[in-house]
Structure formats: C-alpha cells, structure tokens
Amino acid sequence: MTLTPPPLSNDCFALPAGVNWTPVDEALALLRDRLGPVTGAETVPLANALGRVLAQDAVAKRANPPLPNTAVDGYGFAGGKPEGPHVLPLVAGRAAAGVPFDAQVPAGRAIRVLTGAALPDGVDTVILEEDVNTDGTQIAFNGPLKHGANTRKAGEDVCADDVILPAGRVITPADLALASATGLAELTVRLPLRVGVLSTGDELVEAGAPAGRGQIFDANRPMLLALIRQLGFVPVDLGKAVDNREALRAHLDGAVSRTDMILTSGGASAGDEDHMSALLQEAGAMQEWRIALKPGRPLALGMWQGTPVFGLPGNPVAALVCTLIFARPSMGLLAGAGWQAPQGFEVPAAFEKRKKPGRREYLRARMRDGKAEVFKSEGSGRISGLSWAEGLVELGDGAAEIRPGDPVRFLPYGSFFM
Ligand code: AMP
Ligand code: MG
C-alpha cells in the first residue's frame with residue numbers, strides 16, 4: 001500500500017469562519033463575568049501595605065484637617081476687611097503647628113500665626129506676613145481681604161467616617177499618606193495572589209543545563225515568573241513537565257495547594273502531544289478557547305481541583321501576549337483588585353501593514369520620535385523581538401491597511417503593571 005497525502009480541503013486557505021472563533025472582547029467579557037476574588041484577608045500595619053489589595057473599604061477615623069488652621073505664616077483675626085488701610089493691635093503670644101494658642105483673641109485684635117497652627121478662638125481669617133508691616137505691637141495692611149482668607153476648614157479634605165479608599169484598591173505611597181493622616185495605623189488587605197508557572201514539553205531544558213540536539217532552553221518560565229513578580233503577585237515556580245499525561249497530572253496535583261492560579265505553557269492545542277488540553281478536557285472543566293487573535297491561539301482554560309489553569313501556547317511571543325491580554329486582568333479579579341484593563345493610546349504608525357479581517361493582532365512595538373515602530377518580523381518564535389519591544393500595537397478585529405502616519409493603538413508594557 002502506498003501512502004498518499006490527504007486531499008487539500010476546499011477551505012484550506014480560507015480564514016476560520018468568524019462564528020467559530022471567539023472575538024477577543026467576547027473572551028474578555030466571559031472571563032470578567034466568571035472570575036472573582038479567591039484570596040483571604042489579613043490586617044497589616046501601614047508599613048507593610050504598599051502594593052497590597054484592600055479587602056474592605058478603609059474609613060477615616062479622624063477628619064483632615066482635624067481643626068481649622070492657617071495655610072500660611074501671617075496674622076490672624078476675626079472677619080474679612082474692606083478695601084483701604086487697616087491697623088490692628090497684636091495680642092501677646094502666637095499660634096504654631098502643634099503649639100496652639102489657648103486663649104480667646106478679642107475682636108479687633110490680631111495674633112501671629114504660623115502655617116499649620118490651629119486657629120485660636122476668635123480667629124477665622126489670616127493675612128500673609130508679606131502683606132503686612134509691623135512694629136511688634138500692631139500690624140498695618142491694606143484691604144480688601146475675604147472672610148476666611150488663607151485658612152483651611154476642618155474636614156475640608158476628608159471628614160471622619162468618610163470612605164477614603166475603596167475595597168479593591170491597590171495601595172500606593174500616597175494612599176499611605178491619606179490613611180495615616182486620617183488616623184489609620186493598619187489596613188485590611190487580601191493575601192497576595194499566588195500564581196504558579198509550569199512549562200511543558202519534552203524538548204525543554206533548564207538554562208545552564210547541557211542541551212542536546214533537538215532540545216531548547218526554557219524561555220517561558222523565567223519570563224512568566226518575572227512578569228508575575230512585576231505585576232505584584234507571588235510567583236510560584238512549578239518547574240517543567242515532560243509531554244506525558246501522568247507526569248503532568250502529578251505536577252498539577254502537587255501545585256493546587258500552593259497556588260491560587262496556574263499558568264502553563266505548551267501543549268495547549270489539540271495535537272497528539274498536547275497533553276495539557278487533553279488533561280484539562282479529561283478533568284471535565286476545560287474550554288478550548290479558539291480566540292480570534294494573533295499571535296495566541298489556542299488557549300486552554302480549565303479548573304484543576306478548583307484552581308483556575310490558563311494553558312498558554314508554547315511559543316514565547318504568544319505566551320506573553322496571551323498572559324498580558326487574558327491572564328493579567330484575570331489575575332486582578334482573582335486577587336480582589338477588579339478587572340484592570342491596560343490604558344492604550346492612539347499614536348501615529350511608523351510602519352506599513354495590511355491586515356485581513358477576522359483576528360485581532362498584537363504586534364511587538366515601541367515608541368520612537370512620537371511614532372510606533374514594529375519589530376521587523378511577526379514570527380511567534382522570535383524572542384529577540386519581545387525583548388526589543390516596549391509594548392504592543394493592537395490592531396482591531398476588522399481588515400486594515402495601515403500607512404505611515406495612520407493612528408494605531410499602542411499599549412506600553414507599563415500599562416499592564418498598574
Ligand atoms: P506547543 O504549544 O507545545 O506546541 O509549543 C509551540 C512551540 O513553542 C514549540 O516550538 C515549542 O518548542 C515552543 N515552546 C514551548 N514551550 C516553550 C518554552 N517554555 N520556552 C521556549 N519555547 C517553548
Ligand atoms: Mg509542546
């Protein structure tokens with residue numbers, strides 16, 4: 001018997017029919033709908049709260065400012081002053097930040113006040129020292145001066161019992177200032193999301209290990225572990241698994257107790273050696289997502305004993321794009337921080353490209369001289385292009401013919417690290 005090649009199918013050059021492919025936005029909407037926080041909570045001192053996700057609204061214990069005070073160095077008295085010259089006798093003493101003046105300032109008199117001092121009783125208006133002449137016993141200045149000038153009202157920034165930071169907020173240095181100013185010494189935050197990373201493939205060897213012919217060094221695992229750390233989550237190195245269903249099963253079984261989510265790369269298609277998708281399928285909770293994007297298909301999404309598994313494509317370029325576009329916002333939801341979409345912006349293209357309809361495309365790109373350049377090759381094995389790039393250009397699902405100067409959407413890598 002002679003082997004003959006199978007006939008070409010009629011549609012071998014056709015684009016996959018739109019209906020069989022999930023558009024990127026639909027896939028994102030599904031993830032957004034179905035995922036939610038999975039991490040517990042703990043209370044930590046402010047010093048340990050940077051970058052953590054608030055588990056419940058933070059409520060001010062105290063107003064900011066707590067008392068009416070002066071915004072400048074100058075002289076305080078009661079009431080505004082009309083246009084024209086004014087002379088006011090000074091009372092002895094002064095009010096400074098942290099050193100209040102505890103007596104009443106009589107009407108028609110003024111007192112020396114320094115920035116941040118609580119306004120003494122009888123004072124509601126302050127004139128700047130630069131606008132005043134004084135001999136030490138009285139001050140002279142010209143009006144007009146508005147009632148309340150140069151003062152801050154109690155609670156004009158925040159009132160006691162105001163929600164200062166909503167649940168889900170990722171704590172910034174400025175948030176720590178706000179929490180501390182309003183009387184909070186600790187915050188209740190979620191436990192950090194633990195994200196496991198597993199590489200799969202018989203061909204993979206560890207960097208530094210001897211590599212035989214036909215073997216390649218694992219590129220995805222160092223990249224994904226570092227990315228997870230940069231995103232503020234906890235990377236968990238799950239090593240690599242060979243293309244064997246039982247080995248893979250053992251890896252996943254061993255991973256669920258120490259991870260909240262697992263990223264695997266490789267073996268996600270429907271081929272003979274695509275054990276990851278086969279295994280997730282067998283677990284009964286697998287969706288093979290044929291997402292209309294380039295580079296990136298396929299993505300195998302499944303639950304392994306209650307832990308979400310994102311089976312990423314093996315190609316490093318596709319693995320990174322799928323992680324940024326799909327896994328990153330999903331991590332935000334699982335971590336309790338909500339859906340965090342990257343903020344892209346429209347910039348002129350420095351390149352030319354013709355694109356067919358049907359799939360959204362992400363090109364390795366960077367900004368130079370106000371324009372988006374793209375990497376010279378779109379090959380999804382070209383790791384040098386990932387490293388060259390500083391972001392992605394996103395081309396919409398439809399057809400496009402882009403010429404230099406046309407607006408394109410640029411997503412800096414940094415926009416994924418909010
Ligand atoms: P797969 O998705 O397993 O069919 O792999 C697609 C391509 O990506 C193959 O050329 C693999 O050798 C390559 N690949 C898979 N995993 C990795 C990895 N961790 N690092 C570098 N290349 C990989
Ligand atoms: Mg493979």
Side-chain angles (χ1 to χ4, degrees), residues 16 21-22 27 195-230 235-252 254-255 259 261-283 286-302 304 309-328 359 361-362 364 375 377-389:
W21 289 75
T22 310
V195 185
V197 176
L198 177 68
S199 289
T200 73
D202 288 339
E203 72 278 33
L204 300 179
V205 289
E206 204 87 4
R213 273 165 62 82
Q215 293 192 300
I216 60 170
F217 293 112
D218 184 351
N220 290 340
R221 194 148 49 93
M223 171 174 71
L224 296 174
L225 289 168
L227 182 68
I228 288 159
R229 176 167 297 122
Q230 228 173 16
V236 180
D237 189 348
L238 301 178
K240 67 182 168 64
V242 292
D243 286 320
N244 167 298
R245 205 164 300 182
E246 291 322 306
L248 213 47
R249 189 197 305 277
H251 261 92
L252 292 180
T259 56
M261 176 196 200
I262 297 171
L263 301 182
T264 69
S265 66
S269 316
D272 291 347
E273 290 299 329
D274 290 317
H275 299 289
M276 184 50 70
S277 55
L279 203 56
L280 291 174
Q281 196 102 57
E282 190 193 294
M286 141 97 180
Q287 289 295 325
E288 182 166 355
W289 286 37
R290 288 159 51 90
I291 301 174
L293 99 157
K294 184 184 167 190
R297 58 179 183 189
L299 201 57
L301 297 186
W304 194 263
V309 179
F310 278 60
L312 304 164
N315 280 305
V317 177
L320 183 66
V321 167
C322 284
T323 302
L324 291 176
I325 302 300
F326 299 106
R328 193 274 170 269
R359 289 206 271 165
E361 287 192 30
Y362 293 93
R364 280 151 283 177
F375 191 58
S377 158
E378 291 183 17
S380 71
R382 299 272 192 126
I383 302 172
S384 66
L386 276 183
S387 166
W388 173 93

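The figures here come from the full heavy-atom set of this structure, side chains too, leaving out hydrogens, waters and symmetry mates. Both counts, for ligands and for their atoms, begin at 1 and track the order of listing.
- Both the backbone and the side chain of A219 come within contact range of ligand 1, each with a heavy atom under 4.0 Å.
- Counting heavy atoms from C-beta on, the side chains of N220 and L263 never come closer than 4.5 Å.
- For ligand 1, the atoms lying closer than 4.0 Å to a non-hydrogen atom of D218 are 18 (C), 19 (N), 20 (N).
- Of all atoms in ligand 1, numbered sequentially from 1 with element shown, those under 4.0 Å from a heavy atom of G267 are 1 (P), 2 (O), 3 (O).
- Summary of contacts: the protein heavy atom closest to atom 4 (O) of ligand 1 is D274 OD1, 4.2 Å.
- The shortest distance between side-chain heavy atoms of L248 and L198 falls below 4.5 Å.
- With contacts defined as side-chain heavy-atom distances shorter than 4.5 Å, the pair V317/E378 does not qualify.
- For the pair E203 and ligand 1, a heavy-atom separation below 4.0 Å is found.
- Atom 7 (C) of ligand 1 has its closest protein heavy atom at N315 OD1, 3.5 Å.
- A donor-acceptor distance shorter than 3.5 angstrom exists from the side chain of N244 to the backbone of A247, with no hydrogens or angles considered.
- Listed for the T264 side chain is no donor-acceptor partner under 3.5 Å among the backbone atoms of S199.
- Considering only non-hydrogen protein atoms, atom 5 (O) of ligand 1 sits nearest to G314 CA, 3.7 Å.
- Of the protein's non-hydrogen atoms, the one nearest atom 18 (C) of ligand 1 is N220 ND2, 3.3 Å.
- For S269, no nitrogen or oxygen atom sits less than 3.5 Å from a nitrogen or oxygen atom of ligand 1, counting backbone and side chain alike.
- Here the side chain of R382 pairs no donor or acceptor atom with the backbone of F375 at under 3.5 angstrom.
- Of the protein's non-hydrogen atoms, the one nearest atom 22 (N) of ligand 1 is I216 CD1, 3.5 Å.
- Around atom CZ of R245, more than 12 heavy atoms belonging to other residues, nucleotides or ligands sit under 6.0 Å away.
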